[in-house]
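First the proteins, then the strands, lettered A, B, ... as listed; each starts at 1.
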Amino acid sequence: MNRDRLFEKVSLGSALIVFFLVVLIGLMLLSEGFPALRTIGIRFPFSDAWNPVSGNFGALPFIFGTLVSSALALVIAVPLSLGIAMFLSELAPRFMRVPIATLIEILAAIPSVIYGLWGIFFLAPWLRETGEPILGKTLGFLPLFQGPPYGIGMLAAGVILAIMIIPIISSITRDIFLAVPNEQREAALALGATRWETTKMAVFRMSRPGVAGAIFLGLGRALGETMAVTMVIGNRPDISLSLFAPGATMASIIANEFTEATDDLHLSALFALGLTLFLVTFVINAGARWLVTKTVGVPFGGRS
Amino acid sequence: MTLLLRRRMMNLTMTILAFLSALIALVPLFFILTHVVSKGASALNADFFTQLPLPVGEVGGGVAHAIIGTLFLVGVGTLLSLPIGIFAGMFLAENGATRFSRIVRFSADMLNGTPSIVIGVFVYAILVVPFGGFSAISGSVALAIIMIPMLVRTTEEMIKLVPHSLREAALALGVPYWKMLWSIVLRTARSGIVTGLLLSIARIAGETAPLLFTALGNQFWSQSLFEPIAALPLMIFTYAISPFEEWQRQAWAGALLLIMMVVGLNVASRLFFRQTLKGKRS
């Protein structure tokens with residue numbers, strides 16, 4: 001009896017630790033970031049100044065950078081991920097499924113620094129020499145592709161983020177596709193649909209909320225990704241319409257400036273950025289979880 | 001063109017596009033792996049594993065301190081997170097439907113999705129500042145916080161897979177509840193939990209961001225728990241962004257080592273798990 005109670009208390013305590021960790025993180029960020037928020041006030045998210053010397057801090061360049069790099073990553077990754085998920089769950093011959101799925105999982109396992117390392121020495125130079133000049137020549141009428149091709153910049157960050165979030169989106173989407181009951185597919189096939197039509201009619205329609213959830217999860221990962229981004233984005237607190245230009249995200253500027261923050265206000269401003277990042281990913285992840293639960297019935301789990 | 005032909009062509013096009021998506025996604029993987037291997041292999045030698053770094057600009061030296069540092073941080077992080085993760089997972093599995101459990105599960109998921117740099121900043125605020133400096137302990141705590149939600153999830157899922165008949169048989173034989181959980185249920189779920197553990201270890205071994213402001217990194221051997229400590233991913237980051245060619249070479253070698261460790265752990269544990277699912281070993 002005694003040991004039973006001890007066991008209960010220990011497991012309850014552990015569960016409470018998990019809960020309080022989240023609460024504590026939020027509170028800590030709020031309290032450390034408060035000085036900056038109080039000094040700079042409501043202008044903080046809307047100001048595009050970032051001047052440690054004069055003590056003027058605004059979050060706008062980083063919010064912009066985070067949104068743009070993540071949006072770019074989604075634009076690239078979502079079609080590819082849906083294609084992969086479709087391929088692995090519906091269209092691929094059996095013998096291909098496990099090897100290709102394993103390879104995609106390996107893509108997920110590669111640490112972020114290594115993506116950054118590869119980005120600095122291969123992706124960025126390639127973009128600078130080949131990729132961006134081509135884009136500039138063909139689509140240069142768009143402000144997105146104007147300006148000098150640095151290589152290092154928003155485009156590099158977006159591409160690397162896309163590579164990093166493809167495994168997440170595709171594996172959850174694949175799980176969702178597989179969760180669609182077979183009767184739906186069989187009904188479509190019985191009516192003479194081709195494989196693609198079956199997928200379109202029977203599988204896609206039912207999976208929409210879940211796929212949206214998977215995309216949200218990928219977005220959540222992209223928003224918080226730090227190392228690979230900080231190594232290829234240039235870390236310049238600027239807002240520019242061009243994808244070729246360097247920029248910065250909330251995560252990358254924290255990584256870059258935290259250990260060298262010049263004074264308490266600077267540090268507090270970085271904490272405030274951290275708080276913003278925490279809240280944004282919190283909301284996105286909560287939304288994703290709700291969407292995936294709606295489809296699959298059980299909170300997504302198990303996988304990486 | 002007949003309707004049937006058009007539909008068949010659409011089907012073929014879509015199949016090809018789906019296949020191409022998979023190929024396109026795998027192209028970077030191919031490039032990354034070949035680049036890491038080709039640039040890293042040349043810098044891997046005995047010195048790399050056993051020596052400390054030489055002064056900047058000189059050729060040679062190694063990253064022994066970073067390798068040991070990573071092993072230390074991962075080890076202590078696992079030690080800190082394992083009890084909490086497993087017991088919390090057991091709590092959720094036993095008390096699944098209550099409101100509190102749902103809140104805890106939600107918290108674990110939110111913790112899982114929190115960017116690792118935010119966790120690093122958090123540990124900076126609660127440990128580094130009070131301690132007065134960067135330390136190996138802070139780094140381990142940061143890694144432990146990242147590991148906990150993964151362990152909670154895995155433990156809960158694996159325990160839920162244990163058939164109720166096993167529990168009931170144990171209880172019917174007079175085994176106390178806690179012992180039933182510990183010796184019967186946990187033991188049965190063990191291989192799945194170990195797989196989850198290995199995957200979590202693979203994940204935190206590669207983490208850099210949470211270590212940036214907790215463990216900080218070190219050019220020398222750490223003498224105590226309360227000193228900064230080097231780690232492989234930190235070293236890769238520092239060397240990669242440096243302007244010194246010798247350091248960049250070593251960054252690639254470090255990347256090769258890290259990839260072998262992380263991807264190796266990952267693939268091995270997934271293979272292990274698939275085997276146990278098929279009932280071969282437990």
Need one label for [X]: side chain, backbone, both or neither, based on atoms under 4.5 Å from any heavy atom in chain A.
{"X": "B:Ala108", "answer": "both"}
{"X": "B:Val152", "answer": "side chain"}
{"X": "B:Val267", "answer": "side chain"}
{"X": "B:Leu26", "answer": "side chain"}
{"X": "B:Ile84", "answer": "both"}
{"X": "B:Asn11", "answer": "both"}
{"X": "B:Leu216", "answer": "side chain"}
{"X": "B:Leu234", "answer": "neither"}
{"X": "B:Gln248", "answer": "side chain"}

Taking CZ in A:Arg97 as the centre, count heavy atoms belonging to other residues, nucleotides or ligands within less than 6.0 Å. Is the count above 12?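 Counting neighbours around CZ of A:Arg97, more than 12 heavy atoms of other residues, nucleotides or ligands fall under 6.0 Å, so yes.
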State, with a plain yes or no, whether a side-chain heavy atom of [X] is found less than 4.5 Å away from one of [Y].
{"X": "A:Met28", "Y": "B:Ile126", "result": "yes"}
{"X": "B:Phe31", "Y": "A:Leu123", "result": "no"}
{"X": "B:Ile241", "Y": "A:Met231", "result": "yes"}
{"X": "B:Ile32", "Y": "A:Tyr115", "result": "yes"}
{"X": "A:Thr230", "Y": "B:Phe237", "result": "yes"}
{"X": "B:Trp178", "Y": "A:Leu6", "result": "no"}
{"X": "B:Lys39", "Y": "A:Phe122", "result": "yes"}
{"X": "A:Phe7", "Y": "B:Trp182", "result": "yes"}

Yes or no on side-chain contact (heavy atoms from CB on, under 4.5 Å) for A:Met227 and B:Leu212, after CA distance, side-chain angles and deciding distance? CA-CA 10 Å; A:Met227 298 318 296; B:Leu212 283 175; 4.0 Å; yes
Who among [options] has the most heavy-atom pairs with chain A under 4.5 Å?
{"options": "B:Leu17, B:Ile148, B:Leu258", "answer": "B:Leu258"}
{"options": "B:Ile119, B:Ile117, B:Val118", "answer": "B:Ile117"}
{"options": "B:His35, B:Met158, B:Lys179", "answer": "B:His35"}
{"options": "B:Asn95, B:Val262, B:Val121, B:Leu181", "answer": "B:Val121"}

Can you say whether [X] sits under 4.5 Å from chain B via the side chain, the backbone, both, or neither, judging by heavy atoms?
{"X": "A:Leu27", "result": "neither"}
{"X": "A:Leu24", "result": "both"}
{"X": "A:Ile17", "result": "side chain"}

So, taking the atom named [atom1] in [X] and the one named [atom2] in [Y], what distance separates them when rounded to the nearest 0.5 Å?
{"X": "B:Ile259", "Y": "A:Ile114", "atom1": "CD1", "atom2": "CD1", "result": "4.0 Å"}
{"X": "B:Met110", "Y": "A:Ile25", "atom1": "CE", "atom2": "CD1", "result": "12.0 Å"}
{"X": "B:Thr114", "Y": "A:Phe278", "atom1": "OG1", "atom2": "CZ", "result": "5.0 Å"}
{"X": "A:Ile163", "Y": "B:Ile24", "atom1": "CD1", "atom2": "CD1", "result": "11.5 Å"}
{"X": "B:Phe91", "Y": "A:Leu12", "atom1": "CZ", "atom2": "CG", "result": "5.0 Å"}
{"X": "A:Phe121", "Y": "B:Trp252", "atom1": "CZ", "atom2": "CH2", "result": "7.0 Å"}

For chain B, find which of [options] contributes the most heavy-atom pairs closer than 4.5 angstrom.
{"options": "A:Leu223, A:Leu117, A:Thr226", "answer": "A:Leu117"}
{"options": "A:Ser112, A:Pro111, A:Ser11", "answer": "A:Ser11"}
{"options": "A:Ile76, A:Leu277, A:Ile166", "answer": "A:Leu277"}
{"options": "A:Ile120, A:Leu103, A:Leu273, A:Leu88", "answer": "A:Leu103"}
{"options": "A:Arg195, A:Glu32, A:Met86, A:Glu197", "answer": "A:Glu197"}

What's the verdict on side-chain contact (heavy atoms from CB on, under 4.5 Å) for A:Thr194 and B:Met10, showing C-alpha distance, side-chain angles and the deciding distance? CA-CA 9 Å; A:Thr194 62; B:Met10 181 59 127; over 6 Å; no
Verify side-chain contact (heavy atoms from CB on, under 4.5 Å) between B:Val36 and A:Trp118, making sure each step is shown before the conclusion. CA-CA 8 Å; B:Val36 168; A:Trp118 181 75; 5.9 Å; no
Qualifying residue for ring-ring contact (aromatic ring centres under 6.0 Å, His included) with B:Phe106, from A:Phe282, A:Phe19, A:Trp290: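 Exactly one option meets the ring-ring contact (aromatic ring centres under 6.0 Å, His included) with B:Phe106, and it is A:Phe282.
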Is there a side-chain contact (heavy atoms from CB on, under 4.5 Å) between A:Ile110 and B:Leu29? Walk through the geometry before answering. CA-CA 9 Å; A:Ile110 296 181; B:Leu29 176 66; 3.7 Å; yes
Give the ring-plane orientation class for A:Phe87 versus B:Phe19, where under 30° counts as parallel, over 60° as perpendicular and anything between as tilted. tilted
